[in-house]
Structure formats: structure tokens, C-alpha cells
Asker: 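Got a structure here, written out as C-alpha cells. Questions coming.
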Amino acid sequence: MMKKIFAIVLALTLVLSLAACDLLPDIRGDVNPKPAGAATAAPTKGNVAEAPAEEPELSVGSSTSNTYKNEFIGIQCTLGSEWTFKTDAEIQEINKTTAGMMGDDYKDIITNMAVIQDMMATHSNQMDTVNVVLEKLSGVNVLISEEQYCNLSKDATVQALTSMGMNITSAEVVKIQFAGEEHAAIAIAGDYAGLAIYECVVAVKCNGYIACVSVATWFENNCQEILNQFSPC
């Protein structure tokens with residue numbers, strides 16, 4: 001029994017991180033972009049036009065001891081000694097393997113990847129997990145809001161978990177306080193083989209990316225308690 005639970009925990013680590021991020025549909029029709037040819041006025045200061053600010057260059061986070069920090073997203077967290085973080089080197093190998101570009105420069109890899117694993121941490125109970133995944137937005141999807149993102153991703157997430165044998169009892173898009181701001185999130189509750197499972201995926205839109213901060217806990221709903229460990233940086 002415990003071997004099977006451990007196997008689904010490993011699968012959950014991947015599914016809960018990527019289900020919301022990897023299956024984003026084209027939102028054409030869900031948002032109303034500006035008409036073709038419409039000009040965007042440059043911001044002004046007094047009577048002098050200012051050049052629009054450039055988006056920051058993508059940079060991945062870093063995990064040192066039990067502290068994670070990503071200035072590109074603007075979030076950081078420190079978890080207790082009962083948590084084990086994947087090292088930066090391990091995260092790099094995950095991304096290189098995902099991209100299938102083992103021999104290429106890592107900076108080039110993450111620049112070209114649509115989905116980037118940025119942080120992974122596992123509790124000493126070998127069941128609770130925290131993950132941060134970045135998804136690059138492109139085309140009309142750059143206009144998507146965090147709430148739209150969660151609404152479009154919720155069904156795909158539920159379908160992925162159900163296909164793994166989970167019984168989903170509730171799944172909803174909610175607003176939560178995260179790292180000092182209000183963000184949209186997908187909150188899911190269910191069970192597997194009689195064991196309660198709770199999961200929360202927070203969507204943080206930043207600089208042309210959506211960061212999915214995913215927490216999964218078993219037995220008790222400690223998702224918000226864990227998310228409270230994140231703060232702005």
C-alpha cells in the first residue's frame with residue numbers, strides 16, 4: 001500500500017506542477033485584444049514622451065539550504081528543516097532533460113522553453129510537496145488574467161488527477177493572499193485510496209510569464225499555511 005502511495009506522490013509532483021501550466025489553450029475569444037493597427041501611446045511625463053519600459057530578462061530562481069528566491073517573479077520562501085529542496089543543479093538537469101538539450105547552454109535552454117521547473121521541495125513525510133513552475137505566455141495568451149488562466153486550467157488539472165485514480169470532491173477557482181498580494185488560485189480537495197489530498201495552485205503573472213506555485217498536502221489541508229511562508233522580494 002505505502003509503495004503505491006509513494007508512487008502516486010511522485011506522479012503528483014509532476015501533475016500538480018504542470019497540469020495547470022502545460023495545457024493552457026489559446027484564449028482567442030476569451031479576451032478582447034486591441035484592434036489591429038491600434039497604436040499604444042507612449043507614457044508621458046509633462047509634455048515629454050517616455051519610452052515604454054522594457055520587460056526584465058528572464059532569470060530562474062535559486063534554492064540555498066531551505067530558502068528559495070526568484071527576483072524575476074518577486075517571491076521568496078524559507079521552509080523548515082523537515083523540507084528538502086532540489087538543488088539548483090538538480091533543477092537544471094530536470095529542465096535540460098525536459099528540453100532534450102543536454103549539451104546546450106542552460107541560459108539558451110530556459111529562454112526557449114515554454115515550461116520551466118524553478119523549485120521543488122518535499123516534506124520529510126515523503127508526501128507533501130511544493131513546486132514552482134514558470135510558463136511562457138505567447139500570442140494572444142499574453143493578455144490573459146490570472147483568474148482566466150485558472151478557470152481555463154482547472155478542468156485539465158481535475159482530469160489529470162482523476163485519470164490517476166483520485167476521487168475529486170471539490171475544485172474551484174478562488175482568490176487568496178499570497179506573498180503580500182491577492183492572486184487567483186485553483187483549490188482542489190479529494191482522496192486516494194481513502195487518504196485525503198489537498199492541493200492549491202496559485203497563479204502569479206509576471207513579465208510575460210505565469211508562475212504556478214503548487215502545494216499538495218495529504219491528510220490535513222495545510223496548503224495555506226505553507227503558502228504563507230512565501231513573501232515578496
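Side-chain atoms are counted along with the backbone in the values below, which use heavy atoms only and exclude waters and symmetry mates. Nothing here was measured: the structure is a model prediction, and the numbers come from that model. We count residues from 1, following the sequence as given.
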Asker: Does a side chain donor of either Glu220 or Tyr198 reach within less than 3.5 Å of an acceptor in the other side chain?
Answerer: no
Asker: Any side-chain to backbone donor/acceptor pair from Lys205 onto Ile144? Under 3.5 Å, distance only.
Answerer: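 Confirmed, Lys205 side chain pairs with Ile144 backbone.
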Asker: Decide side-chain contact (heavy atoms from CB on, under 4.5 Å) for Ile91 and Met120; before the verdict, give the C-alpha distance in whole Å, the side-chain angles of both, and the deciding distance to 0.1 Å.
Answerer: CA-CA 8 Å; Ile91 292 293; Met120 299 177 69; 4.0 Å; yes
Asker: For Asn151, what residues pass the side-chain contact (heavy atoms from CB on, under 4.5 Å) criterion, not counting sequence neighbours?
Answerer: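 Only Glu147, Val173 meet the side-chain contact (heavy atoms from CB on, under 4.5 Å) criterion with Asn151.
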Asker: Please list, chain by chain and in numerical order, all residues satisfying side-chain contact (heavy atoms from CB on, under 4.5 Å) with Thr64, sequence neighbours excluded.
Answerer: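 In terms of side-chain contact (heavy atoms from CB on, under 4.5 Å), with neighbours along the sequence ignored, Thr64 is linked to Ser62.
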Asker: For Cys150, does its backbone N or O pair with a side-chain atom of Ser153 as donor and acceptor, under 3.5 Å?
Answerer: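 Checking the backbone N and O of Cys150 against the side chain of Ser153, no donor-acceptor pair under 3.5 Å is found.
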Asker: Is a donor on one side and an acceptor on the other found under 3.5 Å between the side chain of Gln76 and the backbone of Pro232?
Answerer: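 Yes.
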Asker: Check whether any side-chain N or O of Gln148 sits under 3.5 Å from a backbone N or O of Ser145 as a donor-acceptor pair, and report yes or no.
Answerer: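 Present.
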Asker: Can you find a pair of side-chain heavy atoms, one from Cys77 and one from Met119, that are under 4.5 Å apart?
Answerer: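 A side-chain contact under 4.5 Å exists here.
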Asker: Quick check: closest heavy atoms across Tyr106 and Val60, and the distance to 0.1 Å?
Answerer: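 Residues Tyr106 and Val60, closest heavy atoms: CE2-CG2, 4.4 Å.
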Asker: Can you name the closest pair of heavy atoms from Val201 and Cys212 and give their distance?
Answerer: CG1-CB, 4.0 Å
Asker: Mark yes or no for whether Asp128, through its side chain, and His123, through its backbone, hold a donor-acceptor pair below 3.5 Å.
Answerer: no
Asker: Side chains of Tyr149 and Asn141: is there a donor and an acceptor less than 3.5 Å apart?
Answerer: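 Looking only at side-chain atoms, Asn141 and Tyr149 do not form any donor-acceptor pair under 3.5 Å.
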Asker: Any pair with a residue in residues 77-87 that passes side chain to side chain donor-acceptor pair (under 3.5 Å), sequence neighbours left out, goes on the list, sorted by first then second residue, please.
Answerer: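 Those involving residues 77-87 are Thr67-Thr78, Thr87-Glu90.
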Asker: Starting at OG1 of Thr111, measure out to CG of Leu58 and round the result to the nearest 0.5 Å.
Answerer: 6.0 Å
Asker: Atom CD1 of Ile75 and atom SG of Cys206: how far apart are they, to the nearest 0.5 Å?
Answerer: 8.0 Å
Asker: Spell out, as yes or no, whether a donor-acceptor pair under 3.5 Å connects the side chain of Lys136 to the backbone of Ile210.
Answerer: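 Checking the backbone N and O of Ile210 against the side chain of Lys136, no donor-acceptor pair under 3.5 Å is found.
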Asker: Looking only at atom types and distance, does a side-chain atom of Asn131 sit under 3.5 Å from a main-chain N or O of Val215, one as donor and one as acceptor?
Answerer: no
Asker: So, for Met113 and Ile116, which heavy atoms are closest and what is the spacing to 0.1 Å?
Answerer: CB-CG1, 4.0 Å
Asker: Is it true that the side chains of Asn228 and Gln224 contain a donor and an acceptor less than 3.5 Å apart?
Answerer: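 The criterion, which ignores hydrogens and geometry beyond distance, is satisfied for Gln224 and Asn228.
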Asker: Taking only residues two or more places apart in sequence or in another chain, which ones pass side-chain contact (heavy atoms from CB on, under 4.5 Å) with Glu225?
Answerer: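 With neighbours one apart ignored, the set is Asn222.
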Asker: If you look only at pairs with a residue in residues 164-179, which of them pass as a side chain to side chain donor-acceptor pair (under 3.5 Å), with sequence neighbours excluded?
Answerer: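 Only Asn167-Asp191 qualify under side chain to side chain donor-acceptor pair (under 3.5 Å).
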Asker: Check each of Val133, Leu134, Leu137 against Tyr209 using the side chain to side chain contact (heavy atoms under 4.5 Å, CB included) test, and report the only one that passes.
Answerer: Leu134
Asker: Anything under 3.5 Å between a donor and an acceptor, one on a side chain of residues 178-186, the other on a protein residue two or more places apart or in another chain? List them.
Answerer:
{"from": "His183", "atom 1": "ND1", "to": "Glu146", "atom 2": "OE1", "distance (Å)": "3.0"}
{"from": "His183", "atom 1": "ND1", "to": "Glu146", "atom 2": "OE2", "distance (Å)": "3.1"}

